[in-house]
Participant: 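Quick one: the structure is below, and I'll ask about it shortly.
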2 protein chains.
Amino acid sequence: MVETSTRERILAVAGELFYRDGIRAVGIETVCREAGIKKPTLYHYFGSKDGLIAAYLKDQDEKVLAGLTEPALRADGPAADRVAAIFENVARAARREAWKGCPFLRGAAEFAGERDHAARQLASGHKRRFERWLADFLDEHGVIDPKPLARQLTVLLDGAVTHAFLHGKGAYAREAGNAARALIEGWRRAGGSRA
Amino acid sequence: MVETSTRERILAVAGELFYRDGIRAVGIETVCREAGIKKPTLYHYFGSKDGLIAAYLKDQDEKVLAGLTEPALRADGPAADRVAAIFENVARAARREAWKGCPFLRGAAEFAGERDHAARQLASGHKRRFERWLADFLDEHGVIDPKPLARQLTVLLDGAVTHAFLHGKGAYAREAGNAARALIEGWRRAGGSRA
DNA sequence: CGGCAGTCTTACCGATCGGTAGGTACACCG
DNA sequence: CGGTGTACCTACCGATCGGTAAGACTGCCG
(Lines give C-alpha, C1' and ligand atoms only; values in the text may rest on other atoms or scores of the structure.)
Protein backbone atom coordinates (compact mmCIF):
# COMPACT_ATOMS: atom_id res chain seq x y z
CA MET A 1 0.00 0.00 0.00
CA VAL A 2 1.42 3.31 -1.11
CA GLU A 3 0.57 5.44 1.91
CA THR A 4 -0.44 8.66 0.20
CA SER A 5 -1.99 11.41 2.24
CA THR A 6 -5.65 12.15 1.60
CA ARG A 7 -4.83 15.62 0.35
CA GLU A 8 -2.36 14.27 -2.16
CA ARG A 9 -4.79 11.67 -3.36
CA ILE A 10 -7.56 14.22 -3.91
CA LEU A 11 -5.16 16.45 -5.80
CA ALA A 12 -3.96 13.61 -7.98
CA VAL A 13 -7.49 12.52 -8.85
CA ALA A 14 -8.68 16.08 -9.45
CA GLY A 15 -5.69 16.73 -11.65
CA GLU A 16 -6.38 13.72 -13.78
CA LEU A 17 -10.08 14.51 -14.20
CA PHE A 18 -9.62 18.24 -14.70
CA TYR A 19 -7.02 17.64 -17.36
CA ARG A 20 -8.92 14.89 -19.08
CA ASP A 21 -12.40 16.43 -19.23
CA GLY A 22 -11.96 20.09 -18.42
CA ILE A 23 -12.34 21.84 -15.10
CA ARG A 24 -15.91 23.02 -15.48
CA ALA A 25 -16.98 19.64 -16.83
CA VAL A 26 -15.91 17.86 -13.64
CA GLY A 27 -18.09 18.13 -10.55
CA ILE A 28 -16.88 18.06 -6.99
CA GLU A 29 -18.85 14.91 -6.36
CA THR A 30 -17.08 13.10 -9.17
CA VAL A 31 -13.71 14.01 -7.72
CA CYS A 32 -14.80 12.78 -4.31
CA ARG A 33 -16.13 9.51 -5.65
CA GLU A 34 -12.93 8.79 -7.58
CA ALA A 35 -10.78 9.74 -4.61
CA GLY A 36 -12.86 7.58 -2.25
CA ILE A 37 -13.79 10.37 0.14
CA LYS A 38 -16.83 12.50 0.96
CA LYS A 39 -17.41 16.10 0.06
CA PRO A 40 -16.74 17.67 3.47
CA THR A 41 -13.33 16.07 3.43
CA LEU A 42 -12.49 17.78 0.16
CA TYR A 43 -13.82 21.07 1.50
CA HIS A 44 -11.78 20.54 4.64
CA TYR A 45 -8.60 20.56 2.59
CA PHE A 46 -9.38 22.98 -0.22
CA GLY A 47 -12.18 25.22 1.01
CA SER A 48 -13.95 25.52 -2.32
CA LYS A 49 -13.86 24.31 -5.89
CA ASP A 50 -11.86 27.39 -6.79
CA GLY A 51 -9.42 26.45 -4.05
CA LEU A 52 -9.08 23.00 -5.56
CA ILE A 53 -8.59 24.48 -9.01
CA ALA A 54 -5.87 26.79 -7.75
CA ALA A 55 -4.15 23.91 -5.96
CA TYR A 56 -4.38 21.81 -9.12
CA LEU A 57 -2.72 24.45 -11.27
CA LYS A 58 -0.09 25.29 -8.66
CA ASP A 59 0.70 21.60 -8.53
CA GLN A 60 1.04 21.42 -12.30
CA ASP A 61 3.24 24.48 -12.62
CA GLU A 62 6.65 22.98 -12.02
CA LYS A 63 5.68 19.60 -13.43
CA VAL A 64 4.65 21.09 -16.76
CA LEU A 65 7.65 23.37 -16.80
CA ALA A 66 9.96 20.45 -16.16
CA GLY A 67 8.29 18.40 -18.88
CA LEU A 68 8.71 21.18 -21.40
CA THR A 69 12.31 22.05 -20.62
CA GLU A 70 13.57 18.52 -20.23
CA PRO A 71 14.01 17.75 -23.96
CA ALA A 72 16.02 20.94 -24.39
CA LEU A 73 18.21 20.20 -21.40
CA ARG A 74 18.88 16.69 -22.63
CA ALA A 75 19.61 17.66 -26.24
CA ASP A 76 22.97 18.87 -27.39
CA GLY A 77 24.28 20.96 -30.26
CA PRO A 78 23.49 24.60 -30.97
CA ALA A 79 20.56 26.45 -29.42
CA ALA A 80 18.39 25.88 -32.49
CA ASP A 81 18.67 22.11 -32.14
CA ARG A 82 17.91 22.19 -28.47
CA VAL A 83 14.84 24.36 -28.84
CA ALA A 84 13.66 22.27 -31.77
CA ALA A 85 13.75 19.29 -29.41
CA ILE A 86 11.00 20.95 -27.36
CA PHE A 87 8.76 21.19 -30.41
CA GLU A 88 9.56 17.65 -31.45
CA ASN A 89 8.56 16.52 -28.00
CA VAL A 90 5.18 18.21 -28.38
CA ALA A 91 4.76 16.60 -31.78
CA ARG A 92 5.34 13.20 -30.23
CA ALA A 93 2.97 13.94 -27.34
CA ALA A 94 0.20 14.85 -29.78
CA ARG A 95 -0.04 11.23 -30.79
CA ARG A 96 -0.96 10.07 -27.31
CA GLU A 97 -4.71 9.85 -26.81
CA ALA A 98 -4.47 11.18 -23.27
CA TRP A 99 -2.55 14.28 -24.23
CA LYS A 100 -4.85 17.29 -24.29
CA GLY A 101 -2.56 20.27 -24.65
CA CYS A 102 -1.56 22.70 -21.95
CA PRO A 103 -3.62 22.68 -18.75
CA PHE A 104 -2.95 26.37 -18.23
CA LEU A 105 -4.12 27.49 -21.65
CA ARG A 106 -7.19 25.35 -21.31
CA GLY A 107 -7.85 26.48 -17.77
CA ALA A 108 -7.58 30.12 -18.72
CA ALA A 109 -9.96 29.54 -21.62
CA GLU A 110 -12.52 28.00 -19.32
CA PHE A 111 -12.56 31.04 -17.08
CA ALA A 112 -12.51 33.70 -19.74
CA GLY A 113 -15.48 35.31 -18.05
CA GLU A 114 -13.72 35.86 -14.72
CA ARG A 115 -10.79 38.11 -15.23
CA ASP A 116 -9.30 37.74 -11.76
CA HIS A 117 -9.85 34.02 -11.43
CA ALA A 118 -6.91 32.10 -10.03
CA ALA A 119 -6.77 29.99 -13.16
CA ARG A 120 -6.14 33.09 -15.25
CA GLN A 121 -3.45 34.47 -12.98
CA LEU A 122 -1.68 31.16 -12.57
CA ALA A 123 -1.74 30.61 -16.32
CA SER A 124 -0.26 34.02 -16.98
CA GLY A 125 2.42 33.46 -14.36
CA HIS A 126 3.26 30.04 -15.69
CA LYS A 127 3.75 31.39 -19.21
CA ARG A 128 5.92 34.24 -17.98
CA ARG A 129 7.97 31.72 -16.07
CA PHE A 130 8.57 29.65 -19.19
CA GLU A 131 9.44 32.71 -21.21
CA ARG A 132 12.00 33.74 -18.62
CA TRP A 133 13.49 30.25 -18.51
CA LEU A 134 13.79 30.23 -22.28
CA ALA A 135 15.48 33.64 -22.35
CA ASP A 136 18.03 32.38 -19.83
CA PHE A 137 18.48 29.18 -21.77
CA LEU A 138 19.08 31.03 -25.03
CA ASP A 139 21.45 33.36 -23.27
CA GLU A 140 23.45 30.44 -21.89
CA HIS A 141 23.73 29.04 -25.38
CA GLY A 142 25.20 32.12 -26.93
CA VAL A 143 22.18 34.00 -28.21
CA ILE A 144 22.64 37.75 -28.00
CA ASP A 145 19.74 39.88 -26.72
CA PRO A 146 17.63 36.76 -26.18
CA LYS A 147 14.52 38.30 -24.63
CA PRO A 148 12.55 39.24 -27.75
CA LEU A 149 13.46 35.94 -29.36
CA ALA A 150 12.39 34.05 -26.24
CA ARG A 151 9.02 35.78 -26.41
CA GLN A 152 8.61 34.90 -30.08
CA LEU A 153 9.44 31.27 -29.42
CA THR A 154 7.16 31.09 -26.39
CA VAL A 155 4.24 32.37 -28.42
CA LEU A 156 5.10 29.99 -31.24
CA LEU A 157 5.32 27.06 -28.86
CA ASP A 158 1.89 27.66 -27.41
CA GLY A 159 0.51 27.94 -30.90
CA ALA A 160 2.13 24.60 -31.63
CA VAL A 161 0.69 23.00 -28.51
CA THR A 162 -2.77 24.34 -29.29
CA HIS A 163 -2.75 23.20 -32.89
CA ALA A 164 -1.28 19.84 -32.05
CA PHE A 165 -4.16 19.33 -29.65
CA LEU A 166 -6.78 20.79 -31.99
CA HIS A 167 -5.93 18.57 -34.91
CA GLY A 168 -4.58 15.67 -32.95
CA LYS A 169 -1.54 15.60 -35.18
CA GLY A 170 2.11 16.30 -34.55
CA ALA A 171 2.63 17.82 -37.98
CA TYR A 172 1.74 21.29 -36.74
CA ALA A 173 4.19 21.17 -33.88
CA ARG A 174 6.85 19.82 -36.20
CA GLU A 175 6.32 22.63 -38.70
CA ALA A 176 6.44 25.08 -35.81
CA GLY A 177 9.76 23.50 -34.87
CA ASN A 178 11.03 24.38 -38.33
CA ALA A 179 9.87 27.93 -37.75
CA ALA A 180 11.65 28.00 -34.38
CA ARG A 181 14.87 26.87 -36.06
CA ALA A 182 14.50 29.55 -38.72
CA LEU A 183 13.85 32.24 -36.13
CA ILE A 184 16.86 31.32 -34.02
CA GLU A 185 19.21 31.02 -36.95
CA GLY A 186 17.91 34.27 -38.42
CA TRP A 187 18.39 35.97 -35.08
CA ARG A 188 21.95 34.83 -34.90
CA ARG A 189 22.63 35.95 -38.46
CA ALA A 190 21.24 39.38 -37.69
CA GLY A 191 23.75 39.67 -34.87
CA GLY A 192 21.32 38.92 -32.12
CA SER A 193 19.27 42.04 -32.43
CA ARG A 194 16.54 43.20 -34.69
CA ALA A 195 17.33 45.36 -37.70
CA MET B 1 -37.81 48.38 -34.53
CA VAL B 2 -35.33 46.10 -36.23
CA GLU B 3 -37.53 43.12 -37.01
CA THR B 4 -35.08 40.31 -36.29
CA SER B 5 -36.27 36.76 -36.40
CA THR B 6 -36.44 34.86 -33.13
CA ARG B 7 -33.81 32.42 -34.27
CA GLU B 8 -31.40 35.19 -35.16
CA ARG B 9 -32.00 36.91 -31.85
CA ILE B 10 -31.33 33.74 -29.86
CA LEU B 11 -28.16 33.14 -31.83
CA ALA B 12 -26.94 36.68 -31.31
CA VAL B 13 -27.56 36.54 -27.56
CA ALA B 14 -26.02 33.10 -27.20
CA GLY B 15 -23.00 34.22 -29.18
CA GLU B 16 -22.42 37.19 -26.95
CA LEU B 17 -22.79 35.22 -23.74
CA PHE B 18 -20.82 32.18 -24.92
CA TYR B 19 -17.97 34.36 -26.06
CA ARG B 20 -18.00 36.58 -23.00
CA ASP B 21 -18.26 33.96 -20.27
CA GLY B 22 -17.47 30.64 -21.91
CA ILE B 23 -19.87 28.08 -23.31
CA ARG B 24 -20.06 25.80 -20.30
CA ALA B 25 -20.44 28.75 -17.97
CA VAL B 26 -23.64 29.89 -19.66
CA GLY B 27 -26.85 28.00 -19.00
CA ILE B 28 -29.71 27.61 -21.42
CA GLU B 29 -32.00 29.50 -19.08
CA THR B 30 -29.71 32.51 -19.11
CA VAL B 31 -29.71 32.59 -22.89
CA CYS B 32 -33.51 32.39 -22.91
CA ARG B 33 -33.90 35.15 -20.35
CA GLU B 34 -31.60 37.50 -22.28
CA ALA B 35 -33.28 36.68 -25.56
CA GLY B 36 -36.74 37.21 -24.07
CA ILE B 37 -38.04 33.75 -24.90
CA LYS B 38 -38.81 30.52 -23.07
CA LYS B 39 -36.86 27.32 -23.16
CA PRO B 40 -39.11 25.29 -25.45
CA THR B 41 -38.71 27.99 -28.07
CA LEU B 42 -34.97 27.63 -27.99
CA TYR B 43 -35.26 23.86 -28.17
CA HIS B 44 -37.65 24.28 -31.04
CA TYR B 45 -34.97 25.99 -33.09
CA PHE B 46 -31.79 24.28 -31.94
CA GLY B 47 -32.81 20.93 -30.52
CA SER B 48 -30.25 20.84 -27.74
CA LYS B 49 -27.53 22.89 -26.14
CA ASP B 50 -25.02 21.14 -28.36
CA GLY B 51 -27.13 22.18 -31.33
CA LEU B 52 -27.00 25.77 -30.17
CA ILE B 53 -23.25 25.54 -29.65
CA ALA B 54 -22.76 24.18 -33.14
CA ALA B 55 -24.94 26.91 -34.62
CA TYR B 56 -22.99 29.52 -32.66
CA LEU B 57 -19.64 28.37 -33.99
CA LYS B 58 -20.90 27.91 -37.53
CA ASP B 59 -22.20 31.45 -37.34
CA GLN B 60 -18.83 32.72 -36.14
CA ASP B 61 -16.79 30.91 -38.76
CA GLU B 62 -16.93 33.36 -41.63
CA LYS B 63 -17.21 36.38 -39.35
CA VAL B 64 -13.99 35.53 -37.53
CA LEU B 65 -12.26 34.63 -40.76
CA ALA B 66 -13.30 37.93 -42.30
CA GLY B 67 -12.12 39.84 -39.23
CA LEU B 68 -8.73 38.16 -39.37
CA THR B 69 -8.08 38.53 -43.06
CA GLU B 70 -9.43 42.05 -43.43
CA PRO B 71 -6.28 43.86 -42.20
CA ALA B 72 -4.13 41.89 -44.62
CA LEU B 73 -6.46 42.58 -47.52
CA ARG B 74 -6.50 46.27 -46.73
CA ALA B 75 -2.74 46.62 -46.23
CA ASP B 76 -0.31 47.09 -49.07
CA GLY B 77 3.37 46.49 -49.63
CA PRO B 78 5.14 43.12 -49.64
CA ALA B 79 3.64 39.99 -48.12
CA ALA B 80 5.54 40.47 -44.88
CA ASP B 81 3.90 43.84 -44.28
CA ARG B 82 0.45 42.53 -45.04
CA VAL B 83 0.76 39.55 -42.74
CA ALA B 84 2.23 41.74 -40.04
CA ALA B 85 -0.94 43.81 -40.23
CA ILE B 86 -2.89 40.76 -39.04
CA PHE B 87 -0.73 40.50 -35.95
CA GLU B 88 -0.92 44.22 -35.33
CA ASN B 89 -4.67 43.97 -35.48
CA VAL B 90 -4.64 41.29 -32.79
CA ALA B 91 -2.36 43.46 -30.69
CA ARG B 92 -4.84 46.30 -30.89
CA ALA B 93 -7.76 44.01 -30.11
CA ALA B 94 -6.04 42.80 -26.97
CA ARG B 95 -6.56 46.20 -25.40
CA ARG B 96 -10.32 45.98 -25.63
CA GLU B 97 -11.88 44.65 -22.46
CA ALA B 98 -14.46 42.64 -24.37
CA TRP B 99 -11.91 40.83 -26.53
CA LYS B 100 -11.37 37.31 -25.24
CA GLY B 101 -9.30 35.61 -27.89
CA CYS B 102 -10.49 33.10 -30.45
CA PRO B 103 -13.92 31.53 -29.85
CA PHE B 104 -12.81 28.36 -31.61
CA LEU B 105 -9.69 27.81 -29.54
CA ARG B 106 -11.63 28.49 -26.39
CA GLY B 107 -14.53 26.33 -27.46
CA ALA B 108 -12.25 23.43 -28.28
CA ALA B 109 -10.56 23.80 -24.93
CA GLU B 110 -13.88 23.62 -23.12
CA PHE B 111 -14.75 20.32 -24.75
CA ALA B 112 -11.38 18.66 -24.45
CA GLY B 113 -13.07 15.67 -22.89
CA GLU B 114 -15.34 14.98 -25.88
CA ARG B 115 -13.24 14.21 -28.88
CA ASP B 116 -16.06 14.18 -31.41
CA HIS B 117 -17.89 17.20 -30.08
CA ALA B 118 -19.03 19.66 -32.75
CA ALA B 119 -17.01 22.41 -31.11
CA ARG B 120 -13.83 20.42 -31.68
CA GLN B 121 -14.58 19.60 -35.29
CA LEU B 122 -15.70 23.11 -36.16
CA ALA B 123 -12.60 24.56 -34.52
CA SER B 124 -10.33 22.24 -36.45
CA GLY B 125 -12.11 23.06 -39.69
CA HIS B 126 -11.97 26.77 -39.04
CA LYS B 127 -8.24 26.66 -38.48
CA ARG B 128 -7.66 24.63 -41.59
CA ARG B 129 -9.71 27.13 -43.53
CA PHE B 130 -7.57 30.01 -42.28
CA GLU B 131 -4.39 28.12 -43.08
CA ARG B 132 -5.58 27.50 -46.62
CA TRP B 133 -6.57 31.14 -47.09
CA LEU B 134 -3.15 32.24 -45.87
CA ALA B 135 -1.36 29.85 -48.22
CA ASP B 136 -3.33 31.27 -51.14
CA PHE B 137 -2.70 34.80 -49.95
CA LEU B 138 1.05 34.22 -49.71
CA ASP B 139 1.01 32.56 -53.10
CA GLU B 140 -0.74 35.57 -54.63
CA HIS B 141 1.91 37.80 -53.18
CA GLY B 142 4.82 36.03 -54.67
CA VAL B 143 5.83 33.55 -52.00
CA ILE B 144 7.17 30.33 -53.47
CA ASP B 145 6.04 27.03 -51.92
CA PRO B 146 3.80 28.85 -49.44
CA LYS B 147 2.13 25.93 -47.69
CA PRO B 148 4.71 25.14 -45.00
CA LEU B 149 5.15 28.84 -44.33
CA ALA B 150 1.39 29.33 -44.08
CA ARG B 151 1.26 26.58 -41.51
CA GLN B 152 4.06 28.14 -39.50
CA LEU B 153 2.35 31.51 -39.53
CA THR B 154 -1.03 30.04 -38.65
CA VAL B 155 0.44 28.35 -35.61
CA LEU B 156 2.28 31.51 -34.68
CA LEU B 157 -0.85 33.60 -35.02
CA ASP B 158 -2.87 31.42 -32.70
CA GLY B 159 -0.06 31.55 -30.19
CA ALA B 160 -0.21 35.32 -30.49
CA VAL B 161 -3.97 35.39 -29.99
CA THR B 162 -3.73 33.11 -27.00
CA HIS B 163 -0.96 35.06 -25.32
CA ALA B 164 -2.58 38.40 -26.07
CA PHE B 165 -5.68 37.16 -24.32
CA LEU B 166 -3.79 35.48 -21.50
CA HIS B 167 -1.79 38.53 -20.51
CA GLY B 168 -4.25 41.13 -21.72
CA LYS B 169 -1.44 42.89 -23.53
CA GLY B 170 -0.74 43.44 -27.19
CA ALA B 171 3.01 43.18 -26.73
CA TYR B 172 2.97 39.44 -27.31
CA ALA B 173 1.06 39.71 -30.57
CA ARG B 174 3.34 42.52 -31.67
CA GLU B 175 6.45 40.47 -30.96
CA ALA B 176 4.85 37.58 -32.81
CA GLY B 177 4.36 39.97 -35.69
CA ASN B 178 8.10 40.55 -35.73
CA ALA B 179 8.60 36.82 -35.84
CA ALA B 180 6.14 36.56 -38.73
CA ARG B 181 8.09 39.17 -40.65
CA ALA B 182 11.35 37.35 -39.99
CA LEU B 183 9.89 34.04 -41.12
CA ILE B 184 8.49 35.45 -44.34
CA GLU B 185 11.64 37.34 -45.22
CA GLY B 186 13.79 34.36 -44.35
CA TRP B 187 11.59 32.15 -46.50
CA ARG B 188 11.98 34.45 -49.43
CA ARG B 189 15.73 34.62 -48.94
CA ALA B 190 15.96 30.86 -48.89
CA GLY B 191 14.27 30.80 -52.28
CA GLY B 192 10.87 29.85 -51.00
CA SER B 193 11.74 26.35 -49.90
CA ARG B 194 13.41 24.86 -46.92
CA ALA B 195 17.12 24.02 -47.04
C1' DC C 1 -8.08 8.26 32.59
C1' DG C 2 -10.14 13.14 30.51
C1' DG C 3 -9.90 16.31 27.01
C1' DC C 4 -8.62 18.23 22.85
C1' DA C 5 -7.36 18.48 17.73
C1' DG C 6 -7.57 16.80 13.48
C1' DT C 7 -9.87 13.81 10.15
C1' DC C 8 -13.62 12.18 7.92
C1' DT C 9 -18.49 10.94 8.17
C1' DT C 10 -23.97 11.10 7.39
C1' DA C 11 -27.41 13.86 5.93
C1' DC C 12 -28.91 17.72 4.10
C1' DC C 13 -29.41 22.69 1.69
C1' DG C 14 -31.27 25.80 -2.18
C1' DA C 15 -30.11 26.68 -6.85
C1' DT C 16 -29.42 25.48 -11.27
C1' DC C 17 -28.52 22.15 -14.81
C1' DG C 18 -30.30 20.36 -19.64
C1' DG C 19 -34.55 18.81 -21.31
C1' DT C 20 -39.73 17.74 -22.08
C1' DA C 21 -44.96 16.91 -21.91
C1' DG C 22 -48.73 19.04 -23.46
C1' DG C 23 -51.18 22.81 -24.95
C1' DT C 24 -52.46 27.53 -26.88
C1' DA C 25 -52.47 31.17 -30.49
C1' DC C 26 -52.34 32.16 -35.03
C1' DA C 27 -51.46 32.13 -39.96
C1' DC C 28 -52.14 29.90 -44.18
C1' DC C 29 -54.53 26.47 -47.25
C1' DG C 30 -58.23 23.83 -48.99
C1' DC D 1 -65.67 26.94 -42.74
C1' DG D 2 -62.44 23.02 -41.01
C1' DG D 3 -57.66 21.27 -41.16
C1' DT D 4 -52.79 21.63 -40.71
C1' DG D 5 -48.34 23.34 -39.40
C1' DT D 6 -45.42 26.60 -37.14
C1' DA D 7 -44.32 29.42 -33.19
C1' DC D 8 -44.33 29.87 -28.72
C1' DC D 9 -46.19 29.18 -24.08
C1' DT D 10 -46.91 27.24 -18.81
C1' DA D 11 -45.47 23.95 -15.87
C1' DC D 12 -42.76 20.50 -14.72
C1' DC D 13 -38.95 16.57 -14.68
C1' DG D 14 -34.89 14.10 -12.36
C1' DA D 15 -30.14 14.95 -11.83
C1' DT D 16 -26.52 17.43 -10.47
C1' DC D 17 -24.42 21.66 -9.07
C1' DG D 18 -21.29 23.81 -5.17
C1' DG D 19 -21.55 23.99 -0.35
C1' DT D 20 -22.58 23.16 4.88
C1' DA D 21 -24.26 21.79 9.75
C1' DA D 22 -23.29 18.71 13.09
C1' DG D 23 -21.36 14.77 14.83
C1' DA D 24 -18.47 10.40 15.11
C1' DC D 25 -13.96 8.31 15.12
C1' DT D 26 -9.09 8.29 16.16
C1' DG D 27 -4.70 9.18 18.12
C1' DC D 28 -2.01 12.23 21.11
C1' DC D 29 -1.01 14.84 25.34
C1' DG D 30 -1.68 15.80 29.97
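As the structure is a prediction and not an experimental result, all values here were calculated from the model. Just so it is clear: chains get the letters A, B, ... in the order the sequence lines come, proteins before strands, and each one is counted from 1. Just so you know, these numbers use all the heavy atoms, side chains as well, and skip hydrogens, waters and symmetry mates.
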Participant: May I ask you to evaluate whether B/His44 reaches the phosphate of D/dC8, defined as a side-chain N or O under 4.0 Å from OP1 or OP2?
Facilitator: no

Participant: Assign B/Phe46 to base, sugar-phosphate, or nothing according to its heavy-atom contacts below 4.0 angstrom with the strands shown.
Facilitator: nothing

Participant: Compare side-chain N and O positions of A/Thr6 against OP1 and OP2 of C/dC8 and report whether any pair is under 4.0 Å apart.
Facilitator: yes

Participant: Between A/Glu110 and B/Arg24, does any side-chain N to carboxylate O distance fall below 4.0 Å?
Facilitator: no

Participant: If you measure only the distance, is there a donor-acceptor pair under 3.5 Å linking the side chains of B/Ser124 and B/Arg128?
Facilitator: yes

Participant: Using whole Å, report how far CG of B/Leu42 lies from P of D/dA7.
Facilitator: 14 Å

Participant: Tell me whether the OP1 or OP2 atom of C/dC8 has a side-chain N or O from A/Tyr45 closer than 4.0 Å.
Facilitator: yes

Participant: What nucleotide among C/dC17, C/dC8, C/dG18 has an atom nearest to a side-chain atom of A/Thr41?
Facilitator: C/dC8

Participant: Output the rounded distance in Å from CZ (A/Arg24) to C1' (C/dG18).
Facilitator: 16 Å

Participant: Which nucleotide wins on minimum distance to the side chain of A/Pro40, given the candidates D/dT20, D/dC9, C/dT20?
Facilitator: D/dT20

Participant: Mind checking whether A/Phe137 and A/Trp133 have parallel, tilted or perpendicular rings, split at 30° and 60°?
Facilitator: parallel

Participant: Rounding to an integer number of Å, can you tell me how far B/Ile37 CD1 sits from C/dT24 P?
Facilitator: 21 Å

Participant: Starting from C1' on D/dG18, measure out to CG on A/Leu17 and report it in whole angstrom.
Facilitator: 16 Å

Participant: Write down the distance between NZ (A/Lys49) and C1' (C/dC17), rounded to a whole number of angstrom.
Facilitator: 13 Å

Participant: Any idea which of D/dG19, C/dT10, C/dG19 is nearest the B/Lys39 side chain?
Facilitator: C/dG19

Participant: When the nearest nucleotide of DNA chain C is assigned to A/Glu29 and to A/Lys38 on a heavy-atom basis, which residue is associated with the more 5' position?
Facilitator: A/Lys38

Participant: Determine the interplanar angle of the A/Tyr172 and A/His167 rings, folded into 0 to 90°, and report it as parallel if under 30°, tilted if 30 to 60°, perpendicular if over 60°.
Facilitator: parallel

Participant: Output the rounded distance in Å from CD1 (B/Ile28) to C1' (C/dT20).
Facilitator: 13 Å

